[in-house]
J.: 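First the structure, which I've put down as structure tokens, then a few questions once you've had a look.
The sequence lines fix the lettering, A, B, ..., with proteins before strands; numbering per chain opens at 1.
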Amino acid sequence: MQAALEISGLKKTYKGGFQALKGIDLQVTQGDFFALLGPNGAGKSTTIGVITSLVNKTEGKVCVFGHDIDSELDKAKSFLGLVPQEFNFNQFEAPMKILVNQAGYYGVDRKVAKQRAEKYLKQLDLWDKHDQPSRNLSGGMKRRLMIARALMHEPKVLILDEPTAGVDIELRRHMWDYLRELNSQGITIILTTHYLEEAEMLCRNIAIIDKGTIVENTDMKTLLSQLHIETFVLDLKPGAAQPQLQDVDHRLLDDHTLEVDIAKSQSVNAVFTQLTEQGIEVQSMRNKANRLEELFVTLVANNDKGAQ
Amino acid sequence: MSFTTTRIALSSILHKEVNRFMRIWVQTLVPPAITISLYFVIFGSLIGKRIGEMGGFDYMSFIVPGLIMMSVITNSYSNVASSFFSAKWQRNVEEMLVAPVPNWVIVAGYVGGGMARGILVGLIVTIVALFFVDIQIHNIWVIIATVMLTSAVFALGGLINAVFAGSFDDISIIPTFVLTPLTYLGGVFYSISLLPEFWQGVSKINPIVYMVNAFRYGFLGISDVSLAVAFSVIGVFIVTLFAIAMYLISRGIGLRS
């Protein structure tokens, strides 16, 4: 499979000496749904900025579908669609005009651009606002407008920098469906997000960046398989006896909430068997935390230790 | 980029720019008409009658070209300065930076927008002037060439100002402290031949003197400076400012980190 994006030895030092990227290597294959995760200030937005030529790199190489941004920048740009983190459209212009002008910057004929704008505005439930000043749109609508804008030249790679930040759950799930649909049409999607659940739900491959270096770069399944222990929270029927579990780490948080750590080699059934034998009834059960979140915290913490 | 895609990109920027100042026409097109009407009433009708002739023409006829040119200069400059700075401030300039738009197209698009407003305001002011004076035309081509080139010079100046500007205050400093004094001392209201020889020499450092005089020549057929020198000065300014603007945009100064 052809590489949609290839980054090697990418470094960025800002004026003042802050080194945001310390030599990043990354490869995203065509058709992938790729997550770039990292804490605030890790270098995610700088990486995206370099790819989209909004940030000048200090060192390294970036190729989009084999086109080096140093020698074939215009070609590389034509493959990319960017949905930035901040709202960066003219708040006084109407969505229709924003979209048609954006298409024009890529050389899309005005008549074709108007048809595409109508299509994307309808798909993203913005059509009834197409001629209103965009400052009147809600936060979620503005995010969708930026997605529509990024699609106007029909890019092969769509880069989304925290696209669902500040978006309510229902709308977020609609956006997830829309992004899945785009990906199924063959658009390579690169996503940065703070919502780890989002990465787990959507992405096939993932890179975790921290302090300007990639601390993990693998497929989602392999990453999640690194989790050896999963923590469950069991809600016990009030008035039950204090549970005594063999071979399982457990904690009683209060008189009816039990937390158990179950290794991959162990069976959840064994826990239930022991509880049943002790006459303890379990009313409900849930994961303590998002699995990816646990891994993320571990990897970033390890990187911190390494840095010290 | 092919010729067609470049043409579409340029027309998109021009479309956006013209749409911007037309959308806020009350702020962009009406004030110059009112201001110039006041100039005509005060300097032309009231004070002008006491001044008598200047350069062989009545004072009102003498100042009309200068006042039109003053409007063109101010509006060409401020249109690009405010529009480009707003695009930087709202970060929608990134819409163009992430697209394969050649840098010269960005410069030409904004300068074209500034010229469109400058020339439109010039036309409005000319129409207003017709209520006060009979305008004569000596050479229409000189008028057209001067107004277009001068408009381009100041649109480029506005763009450079906007690139360096860090706040909205920064785009009003140059018009207030540089442009206005140069315009008032640029022979809009008087012939520099009235000045002592030393101050005539000093005045010739002011590029606006050449623009106003070339423009006045187009209307009245009189000028304090040679037409060839005037167009040469304007040409040098256009080439120099275009080169500076291209350098700034291609290096991403104030635009890329």
J.: I'd like to verify something: which residue of A/Thr52, A/Leu54, A/Val55 has the highest number of heavy-atom pairs under 4.5 Å with chain B?
T.: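 Winner by heavy-atom pair count: A/Leu54.
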J.: Where do B/Ser12 and A/Arg110 come nearest, in terms of heavy atoms and distance?
T.: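 Closest approach of B/Ser12 to A/Arg110, heavy atoms only: OG-NH1, 4.2 Å.
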J.: Could you tell me whether the side chain of B/Ser257 reaches within less than 4.5 Å of the side chain of A/Lys15, counting heavy atoms only?
T.: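 Not touching, per the 4.5 Å side-chain cut-off.
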J.: Are more than 12 heavy atoms, taken from residues, nucleotides or ligands other than B/Met148, located less than 6.0 Å from that residue's CE atom?
T.: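 Counting neighbours around CE of B/Met148, 12 or fewer heavy atoms of other residues, nucleotides or ligands fall under 6.0 Å, so no.
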J.: Given the options A/His153, A/Lys12, A/Lys97, which has more heavy-atom pairs under 4.5 Å with chain B than any of the others?
T.: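 Winner by heavy-atom pair count: A/Lys97.
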J.: Got a sec: does the CH2 of B/Trp89 have more than 12 other heavy atoms crowding it under 6.0 Å?
T.: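 No, not enclosed.
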J.: Quick check for you: to the nearest 0.5 Å, what is the distance between B/Leu97 atom CG and A/Leu82 atom CG?
T.: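 Output value for this atom pair is 11.0 Å.
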J.: What part of A/Lys75 lies closer than 4.5 angstrom to a heavy atom of chain B: side chain, backbone, both or neither?
T.: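 Contact with chain B: none, neither part.
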J.: Count the heavy-atom pairs under 4.5 Å between each of B/Arg7, B/Met96, B/His15 and chain A, then report the option with the highest count.
T.: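 The option with the most such pairs is B/His15.
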J.: Take atom NZ of B/Lys88 as the centre, draw a 6.0 Å sphere, and report whether it contains more than 12 heavy atoms from other residues, nucleotides or ligands.
T.: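 Yes, because the 6.0 Å sphere around NZ of B/Lys88 holds more than 12 heavy atoms from other groups.
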J.: Please walk me through it: do A/Tyr105 and B/Ile13 pass side-chain contact (heavy atoms from CB on, under 4.5 Å)?
T.: CA-CA 8 Å; A/Tyr105 303 151; B/Ile13 300 174; 3.6 Å; yes
J.: More than 12 heavy atoms of other residues, nucleotides or ligands under 6.0 Å from OH of A/Tyr120: yes or no?
T.: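 Correct, the count exceeds 12.
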J.: State whether the side chain of A/Lys77 and the backbone N or O of B/Ala99 hold a donor-acceptor pair below 3.5 Å, judged by distance alone.
T.: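 Side chain of A/Lys77 to backbone of B/Ala99: a pair is present.
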J.: At their closest point, which heavy atom of A/Asp74 faces which heavy atom of B/Pro100, and how far apart are they?
T.: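 Distance-wise, the nearest heavy atoms are O-CB, 3.5 Å.
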J.: In Å, rounded to the nearest 0.5 Å, how long is the span from CG of A/Asn101 to NZ of B/Lys16?
T.: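 That separation rounds to 7.0 Å.
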J.: Counting only heavy atoms closer than 4.5 Å, note whether A/Tyr14 contacts chain B via side chain, backbone, both or neither.
T.: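 Contact with chain B is through the side chain of A/Tyr14 alone.
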J.: CZ of A/Phe89 to CD of B/Gln90: how many Å apart, nearest 0.5 Å?
T.: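 With rounding to 0.5 Å, CZ (A/Phe89) is 9.0 Å from CD (B/Gln90).
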J.: With a 4.5 angstrom heavy-atom cut-off, is it the side chain or the backbone of A/Phe92 that approaches chain B, or both, or neither?
T.: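 For A/Phe92, the contact with chain B is made by backbone and side chain together.
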J.: Heavy-atom count check: over 12 atoms from other residues, nucleotides or ligands less than 6.0 Å from A/Lys61 NZ?
T.: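 Open: at most 12 neighbouring heavy atoms sit under 6.0 Å from NZ of A/Lys61.
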J.: Considering only NZ, NE, NH1 and NH2 on the basic side and carboxylate oxygens on the acidic side, decide whether B/Glu95 and A/Arg149 come within less than 4.0 Å.
T.: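 Here B/Glu95 pairs with A/Arg149 in a salt bridge, since their nearest N and O are under 4.0 Å apart.
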J.: Please classify the contact of A/Gln91 with chain B as side chain, backbone, both or neither, using a heavy-atom distance under 4.5 Å.
T.: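 Both parts, backbone and side chain.
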